[in-house]
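Right, one structure below, let's go through it.
What's counted below: heavy atoms across the whole structure, side chains too, no hydrogens, waters or symmetry copies.
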Amino acid sequence: MFIGIDVGTSTVKAAAFDTAGTELAVEARQITLSLDEGVVEQDMDEVYAAVVAVLDALTARLPGPVELAGLTGQGDGVWLVDAAGRPVRAAASWMDGRAHALVDRWLADGTFEAVFRRTGGALFPGSPGPLLAWLDRHEPAALDAASAALCCKDMVFGRLTGAPAGTDVSDASMPFLDPRTRAYDDGVVELLGLTHRRALLAPVGDPISTGEARGEGLPAGTRLANGPYDLPACALGAGVRAPGDGLLIVGTCLASLVATTDLDLSGEPAGLYISTDRPGHRLRAMPAMVGTAALDWVLSTTGVAHEEVDALLAATPPGAHGVRVLPYFAPSGERAPFVEPGLRAELSGVSLESTKGDLIRATCEGIGYAARHCLEAAGLTGSLAVCGGGTRSPAWMRLLADVLGRPLRVVEGEVGARGAVLAAAERYGTALDTARWTRPTAVVEPDPARAAHYTAGYAAHLARLATAREDARDHA
């Protein structure tokens, strides 16, 4: 019996699998996300309590012992803990926008580009570098009291096992890790004015760290592995390992990942390279800020239930009767495949004749165009897997296949938790049939006529986006 733990932004989940990769049971708990004028935070004790609760509930349902467990979770943000691994303050989320002025300044003075040319990571307000720099300026006492600046899964791992503060190469990838040496680049620390806070950067476990559970949530002595974080864990769980193959995660965050052995630090700074446990193998990542969260906002605003989406998409033609959506809803702007902290969503082509279906289809099309932009920038040349909450809508998957103009390998279930188990199994030398664990649930083929329509629509989307980016800079 294997358990995968996925500590997400709004939900904590734990899933149990048998040796063949069959998902046996899942437990989930909602966690609070506090949003206030660009400040997005989470209570670490609440998050950890949710982890213990789902594990208690899951292990109570299992008929046999747990052989090992893997842990993954949301990346980025800053989770400050003291020497005992306890919270110093609320965690600053990856969605946090308070450091946008710092990123704007670094974009203007060349710091942003200098960091990218060294690490392949494009700074955005919710990444650890800007957040630590903001806290150093505005809440230095919190940093003084902290022993380590962790990411989400690292905090959970430390409390489950009692292990000292640490992280892995995937979470360390943004923004301080040199992808060539797989060690922190002190030049980047200096560029961001954080040399005097260097000790807060947690040691990197390479490969991922392991430990034994102390008895909270998991039976005492259960073997546990820390990482990778949710984006590369989903890539493992979806079977994305060969260079050129990609994954689109249609979740709260719209994340595009492409496996690669290359390292290209030229071009427009955007996204990041996520180091993996295999030296020389990376994921070129373009994690856009908003995915299903954009659709959720539109559904809430229009009073449409999730259960109605498929029927509305089916009843509304491609192009949504001229309604168009630029889906950049995050309070901190966009981070991939470009960084634009001031960019906001735009809705156009609306009239008194526009329907709820038009608004919803236009939003889904806009998200699809954003995904196509990210996947192209990430270098997709091979097959494409899709996972995340959006896969529960067959109509949206058909729309996405048409907008992207390629087949989608749909992988359902707890893909991040599955990847965490595969990473743990590899770390512990436990042989699993990876192909069987990662086979797709379905393959969705694009319709040629609709795909041609969306190719033209994509070009129009890029033109509107260019204008919106100029406007965002003019009003910065």
Side-chain angles (χ1 to χ4, degrees), residues 75-78 92 94 96-138 140 143 149 151 167 169-202 204 231 256 258 260-275 280 282-289 330 332-343 373-374 377-379 469-470 472-473 476:
D76 295 305
V78 168
W94 62 271
D96 195 281
R98 75 189 82 182
H100 72 87
L102 272 175
V103 174
D104 286 342
R105 186 184 313 161
W106 290 336
L107 280 164
D109 69 15
T111 300
F112 176 91
E113 182 170 351
V115 170
F116 180 84
R117 302 301 174 208
R118 297 177 75 109
T119 69
L123 297 168
F124 69 97
S127 58
L131 281 172
L132 283 171
W134 189 94
L135 289 167
D136 188 53
R137 289 161 171 78
H138 300 279
L143 297 187
C151 290
T167 191
V169 290
S170 70
D171 258 330
S173 294
M174 173 61 89
F176 300 111
L177 194 78
D178 184 329
R180 293 152 293 206
T181 65
R182 299 166 69 88
Y184 289 129
D185 183 335
D186 287 332
V188 171
V189 178
E190 182 178 1
L191 280 167
L192 302 187
L194 292 169
T195 299
H196 61 298
R197 301 295 188 182
R198 171 65 172 78
L200 290 175
L201 301 186
V204 179
L231 299 188
S256 301
V258 176
T260 184
T261 54
D262 297 331
L263 181 63
D264 182 3
L265 303 181
S266 63
E268 180 178 4
L272 73 154
Y273 282 93
I274 302 174
S275 293
R282 308 175 186 90
L283 292 167
R284 185 72 172 107
M286 293 291 172
M289 288 299 293
S332 54
E334 189 50 273
R335 60 174 173 172
F338 52 83
V339 173
E340 206 71 74
L343 185 64
H373 196 183
C374 287
R469 291 183 66 183
E470 289 179 9
R473 292 178 202 142

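Rounded to the nearest 0.5 angstrom, Arg284 CZ and Ser256 OG are separated by 11.5 Å. Rounding to the nearest 0.5 Å places CZ of Arg473 at 11.0 Å from CG of Asp104. Between the CG atom in Leu343 and the CD atom in Glu334 there is a gap of 7.0 Å [rounded to 0.5 Å]. Here CG of Leu123 is found 6.0 Å from CG of Leu192. Values are rounded to the nearest 0.5 Å. Here the CE atom belonging to Met174 is positioned 9.0 Å from the CD1 atom belonging to Ile274, to the nearest 0.5 angstrom.
With sequence neighbours excluded, the residues that form a side-chain hydrogen bond (donor to acceptor under 3.5 Å, both in side chains) with Arg98 are Glu41, Asp96. Scored by the side chain to side chain contact (heavy atoms under 4.5 Å, CB included) test, Ala330 finds Met289, Val290, Ser332 as partners (sequence neighbours excluded). Partners of Arg469 under the salt bridge (Lys or Arg N to Asp or Glu O under 4.0 Å) rule, at least two apart in sequence or in another chain, are Glu268, Glu340. Judged as a side-chain hydrogen bond (donor to acceptor under 3.5 Å, both in side chains), and not counting sequence neighbours, the contacts of Asp136 are His196, Arg197. For Thr260, there are no side-chain hydrogen bond (donor to acceptor under 3.5 Å, both in side chains) partners at least two apart in sequence or on another chain. Partners of His138 according to the ring-ring contact (aromatic ring centres under 6.0 Å, His included) rule, which considers only residues two or more places apart in sequence or in another chain, are Trp134. Taking Glu113 as the reference, Arg117 meet the salt bridge (Lys or Arg N to Asp or Glu O under 4.0 Å) condition, with sequence neighbours excluded. Under the side chain to side chain contact (heavy atoms under 4.5 Å, CB included) criterion, Ser266 pairs with Asp264, sequence neighbours left out. Residues satisfying the salt bridge (Lys or Arg N to Asp or Glu O under 4.0 Å) criterion with Arg137, sequence neighbours excluded, are absent altogether. In this view, His373 and Pro337, Phe338, Tyr458, Leu462, Leu465 satisfy the side chain to side chain contact (heavy atoms under 4.5 Å, CB included) rule, not counting sequence neighbours. Scored by the side-chain hydrogen bond (donor to acceptor under 3.5 Å, both in side chains) test, Arg105 finds no partners at all (sequence neighbours excluded). Evaluation of the side chain to side chain contact (heavy atoms under 4.5 Å, CB included) rule for Val78 yields Leu80, Pro128, Leu131, Leu132, Leu135, Ala149 as partners, not counting sequence neighbours.
When all heavy atoms of His100 and Pro341 are compared, the closest pair comes out as CB-CB, 4.0 Å. Closest heavy-atom contact between Arg282 and Leu263: NH1-CB, 3.9 Å. The minimum heavy-atom distance between Pro175 and Val188, with the atom names listed, is O-CG1, 3.6 Å. Between Phe116 and Ala122, the shortest heavy-atom distance links the atoms CD1-N, 3.8 Å.
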Derivation of the side chain to side chain contact (heavy atoms under 4.5 Å, CB included) call for Leu283 and Tyr273: CA-CA 6 Å; Leu283 292 167; Tyr273 282 93; over 6 Å; no
Evaluation steps, salt bridge (charged side-chain N to carboxylate O under 4.0 Å, His left out), between Asp186 and Arg198: CA-CA 8 Å; Asp186 287 332; Arg198 171 65 172 78; 2.6 Å; yes
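At least one side-chain heavy atom of Pro130 sits less than 4.5 Å from a side-chain heavy atom of Trp106. Using a 4.5 Å heavy-atom cutoff, the side chains of Pro269 and Phe112 are in contact.
None of Thr119, Val115, Leu194 except one satisfies the side-chain contact (heavy atoms from CB on, under 4.5 Å) rule with Phe176; the exception is Leu194. Exactly one residue among Leu272, Asp76, Val103 makes a side-chain contact (heavy atoms from CB on, under 4.5 Å) with Phe124. That residue is Asp76.
Using modelled atom types, no side-chain atom of Ser275 and backbone atom of Ser170 make a donor-acceptor pair closer than 3.5 Å. Side chain of Arg118 to backbone of Asp178: no donor-acceptor contact under 3.5 angstrom is found.
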